[in-house]
Amino acid sequence: MKLKLVIGLLAVASLAQAQDAKKKPHYYNDPFTQPAPLDFNDHEGYVSLFDGKTLDGWDGNPKFWRVEDGAIVGESTPANPSGNSYIVYRGMKAKNFTLKFEIKVDGEGGSGIQYRSLTGIPWRLPIDEKLQPVKLNWMMTGPQADFWPSAKFWTGQFYSENTPLRIVAWRGQVVESFGTKSKRLMGNIGDIMDLSKIVKKDDWNQYTVIARDGVCIHIINGQVMAVMIDDDPHSSNNMAGYIGIEIESITKVRVRNMWIKKLK
């Protein structure tokens, strides 16, 4: 009788464990298994920055920015050149977050996604008289996840727009810095030209930016491209700011499916 009771209790316990295992993925239970597979379309805990139809919450020069086919489009033509032009998402400022979006650039032009960035700051470089007057509230200063697929070296790098820092971490690098005082290569992710093969020209690319305090990571199509670590708490890299999109030179830029998981 006692043996039957023990067997019954063990059976109930085994059933409960099996049901619990169905509720929780296996990788949560075993520290020596792999994490969940990459899922760019996982939006749990994220909010959308773009509704796919309007520029609600966005602020940019209507001469260059519009919505077309479910994407934010920036276009600069010989007849209507933009120079450096930005569209700013005014709906939030963020410091620590994970940002996902898809981006495509036509032809030879360039773009980038600004984050932790400010507006209204005087421009450091000369602006062509043909492009004047420039509204500084449409110009962005701060970190940029660069995207220029026609150029050899720039896509994926950590660039600091309109500051003395400029390029901090080139594609393929892990760089430790302290504001404007120092920067040092700490390691290599891969060869800068080999990593360029991950980038799709004239096609959609999945881009992820992870920002946690002094650490910023750029990922394109599932491949880590650059890591920047800034230990200066007063650096322009280490403050909450806006997210925005850049257009530069004669080109057409498209961005869609923008989602952010904001921590603070």
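Just so we're clear, the structure is a prediction, and the values are computed from it rather than from any experiment.
- Taking the six-membered ring where tryptophan is involved, the planes of Phe158 and His218 are essentially parallel, since the angle between them stays under 30° and well short of 60°.
- Taking OG of Ser160 as the start and CD1 of Ile167 as the end, the distance is 11.0 Å to the nearest 0.5 Å.
- The backbone N or O of Asn221 lies less than 3.5 Å from no partner atom in the side chain of Lys200, so there is not a single donor-acceptor pair.
- Side-chain atoms of Glu102 and Val255, non-hydrogen and from C-beta on, never get closer than 4.5 Å to each other.
- If you check the side chains of Arg212 and Thr98, you find a donor sitting under 3.5 Å from an acceptor.
- Relative to the six-membered ring of Tyr242, Lys93 meets both conditions, a distance below 6.0 Å and an angle of at most 45° to the axis.
- Counting only N and O atoms by type, the side chains of Gln144 and Tyr115 include no donor and acceptor under 3.5 Å apart.
- Within the 4.5 Å cutoff, no side-chain heavy atoms of Ile121 are placed close to those of Met140.
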Task: side chain to side chain donor-acceptor pair (under 3.5 Å) assessment of Ser111 paired with Arg254 - done: CA-CA 9 Å; Ser111 179; Arg254 299 177 178 90; over 6 Å; no
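- The aromatic ring centroids of Trp138 and Tyr86 lie 6.0 Å or more from each other.
- Remark: the backbone N or O of Arg124 is paired with a side-chain donor or acceptor of Asn162 at under 3.5 angstrom.
- Between Phe153 and Trp170, the angle of the ring planes goes over 60°, which puts this pair in the perpendicular group of the 30/60° scheme.
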- [ ] Carefully, step by step, assess Thr77 and Asn80 under the rule side chain to side chain donor-acceptor pair (under 3.5 Å).
- [x] CA-CA 5 Å; Thr77 66; Asn80 186 35; 5.0 Å; no
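- The CD1 atom of Ile220 sits 9.5 Å away from atom OG1 of Thr208, with the distance rounded to the nearest 0.5 Å.
- Between Arg66 and Glu75 there is a salt bridge, with a side-chain nitrogen of the basic residue lying less than 4.0 Å from a carboxylate oxygen of the acidic one.
- Within the 3.5 Å criterion, the main-chain N or O of Trp148 finds a donor-acceptor partner in the side chain of Thr155.
- For the atom pair CG (Asn137) and CZ (Arg90), the distance works out to 5.5 Å, reported to the nearest 0.5 Å.
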